[in-house]
Novice: 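Below is one structure. I have some questions about it.
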Number of protein chains: 2
Amino acid sequence: MEAALRPEKPRTRIQQRNRETILEAALDVFSTEGFRGATLDQIAAAAGLSKPNLLYYFPSKDAIYTELLSTLLTRWLDPLHAVDGSGDPIEEILSYVRRKLEHSRDFPRESRLFANEIVQGAPRILDQIEGPLRHMVDDKTALFREWAEAGKIAKVDPYHLIFSIWATTQHYADFSVQVQAILQSYEDSHFADAEAFLMTVFRATLTPAKT
Amino acid sequence: MEAALRPEKPRTRIQQRNRETILEAALDVFSTEGFRGATLDQIAAAAGLSKPNLLYYFPSKDAIYTELLSTLLTRWLDPLHAVDGSGDPIEEILSYVRRKLEHSRDFPRESRLFANEIVQGAPRILDQIEGPLRHMVDDKTALFREWAEAGKIAKVDPYHLIFSIWATTQHYADFSVQVQAILQSYEDSHFADAEAFLMTVFRATLTPAKT
DNA sequence: TGAATTATTGACCAATTGGTCAGGATGAGG
DNA sequence: CCTCATCCTGACCAATTGGTCAATAATTCA
């Protein structure tokens, strides 16, 4: 049973190390070139391995990409999972924004890989989106709606609220070239400003109108 | 002089028609596959022409792509150009948001093509971004800053304001697959909701605090 | 109509790409 | 030290891809 779900675990140290090296290099290449744009030769070069050696550890280019995508998606969803009814609603949502922004700062390649996949029609991840992702969003929007009914946050469309959080936070990873070209900041210095700005925006949006 | 700036204008009717057919088909293909992912065969098939015939009208794959990109960029920037000091500041900015959202609804392929290019590091449009685009943004942020000083809009970072407008509006084109998977709306029906939501967000963000 | 210009194509090419395979190198365990 | 499994590679392959070219078809226009 276990074996059926996770058919292969790396056995030797070498396997462990090389699989990781490959995935790391592949993330670099796939995130800037997209699936079709990336070549095994590029990945092999980036990993410091020969192309046949890549294919000793992974059955195909597709397999590398798919593995990256699936591990990526869980991490992408994690912050949303953490949103629950325990704390102050507005602070809860603002924390989510903050976590997503940190995600963009700390894992920009993952964000770009995901962006590439979605922009191009999500050909190999659509079922994940229509399944788990959609369900979790449905869950959280229900929670947001409760909060709105109870007057704890302003009455805004919860789906579009989530979209706007995704859009504004991911922007700093996905469009970082543009952001840096405009701000002429070559480090991550602008993330602090971005956070301050987004806190203002979402606090203003979510604070209920005075009765 | 004129000729130097626009070295080649389509001469015959056939040229006019076929160049347009090709660009239209190429927009379809490039926007969903990215530059490297797209093939001349795909574009030729989509255009209903033979591959050598494509290359009779355009010198290379690159040339088709570049032509699309440059015409696209001007249209992308147009709405920002239209923002000036003539009207009420908040309404002026909200109009900009509305126009950008309409752009996403009416020209999603252009938006995705642009997104593809930027996500992948803007290899063939970076100078356009560092030049004209950045200058216009610098212009408009200066205007926003004046408005903020004068107390006509809230004091928010004008650069991040613009980023957030781009991010939230383009999201509906670039990530339309995701949006539609979550909302399960297969038409553009959600654009009206998105507009209402974004109007709320930016009005709340820009309305100055009561003194 | 007929000559000149423009449009179109099949056949072809060199380079690239994902992937295979037989055999050799390098470990780990006894 | 020997053996066996793991690891690695050069050489190779078929398919794809951007692009060329000579020859043919269609238009244009006098």
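Since the structure is predicted, the reported quantities are computational estimates derived from the model, not experimental observations. Numbers restart at 1 for each chain; the letters A, B, ... are given by sequence-line order, proteins then strands.
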Novice: Tell me whether the side-chain N/O atoms of B:N53 come closer than 4.0 Å to OP1 or OP2 in C:dG10.
Specialist: no

Novice: Does B:S50 place a side-chain N or O at less than 4.0 Å from the phosphate oxygens OP1/OP2 of C:dT8?
Specialist: no

Novice: Should A:E91 and A:R203 count as an ion pair when the cut-off is N to O under 4.0 Å?
Specialist: yes

Novice: Would you indicate, yes or no, if C:dT6 has its OP1 or OP2 atom less than 4.0 angstrom from a side-chain nitrogen or oxygen of B:Q15?
Specialist: no

Novice: For the atom pair CG (B:L101) and CZ (B:F197), what is the distance rounded to the nearest 0.5 Å?
Specialist: 12.0 Å

Novice: Could I get the full list of side chain to side chain contact (heavy atoms under 4.5 Å, CB included) partners for B:Y96, not counting sequence neighbours?
Specialist: B:P79, B:L80, B:V83, B:K100, B:I165, B:W166

Novice: A:F58 near the nucleic acid: base, sugar-phosphate alone, or nothing, with a heavy-atom cut-off under 4.0 Å?
Specialist: nothing

Novice: CZ of B:R17 versus C1' of C:dT8: gap in Å, rounded?
Specialist: 12 Å

Novice: Can B:E24 and B:R19 be counted as an ion pair, charged N to O under 4.0 angstrom?
Specialist: no

Novice: Return a single string for nucleotides 21-30 of chain C, one symbol per nucleotide in 5' to 3' order, where B is base contact, S is sugar-phosphate-only contact and - is none, cutoff 4.0 angstrom on heavy atoms.
Specialist: B---------

Novice: Can you name the residues that form a side chain to side chain contact (heavy atoms under 4.5 Å, CB included) with B:S86, not counting sequence neighbours?
Specialist: B:D84, B:E92

Novice: Would you check if the side chain of B:R112 reaches a backbone N or O of B:A173 as a donor-acceptor pair within less than 3.5 Å?
Specialist: yes

Novice: Check each residue of residues 20-40 of chain A for a non-hydrogen atom within less than 4.0 Å of any atom in DNA chain C, then write out the ones that pass by number, or none.
Specialist: A:A38, A:T39, A:L40

Novice: When you list every nucleotide of DNA chain D with an atom under 4.0 Å from a heavy atom of chain A, which one comes first 5' to 3', and which comes last?
Specialist: D:dT6 to D:dT17

Novice: Output yes when B:K51 and B:D41 qualify as a salt bridge under the 4.0 Å nitrogen-oxygen rule, no when they do not.
Specialist: yes

Novice: Output, in order, the C-alpha distance, side-chain angles, deciding distance and verdict of ring-ring contact (aromatic ring centres under 6.0 Å, His included) for A:H103 and A:Y172.
Specialist: CA-CA 10 Å; A:H103 185 277; A:Y172 292 97; over 10 Å; no

Novice: Only one of A:F35, A:W76, A:F30, A:Y65 passes ring-ring contact (aromatic ring centres under 6.0 Å, His included) with A:F114; say which it is.
Specialist: A:W76

Novice: For B:D188, give me all partners under side chain to side chain contact (heavy atoms under 4.5 Å, CB included), at least two apart in sequence or on another chain.
Specialist: B:R105, B:F191

Novice: So, A:D62 and A:R124, do they make that salt bridge, N to O below 4.0 Å?
Specialist: yes

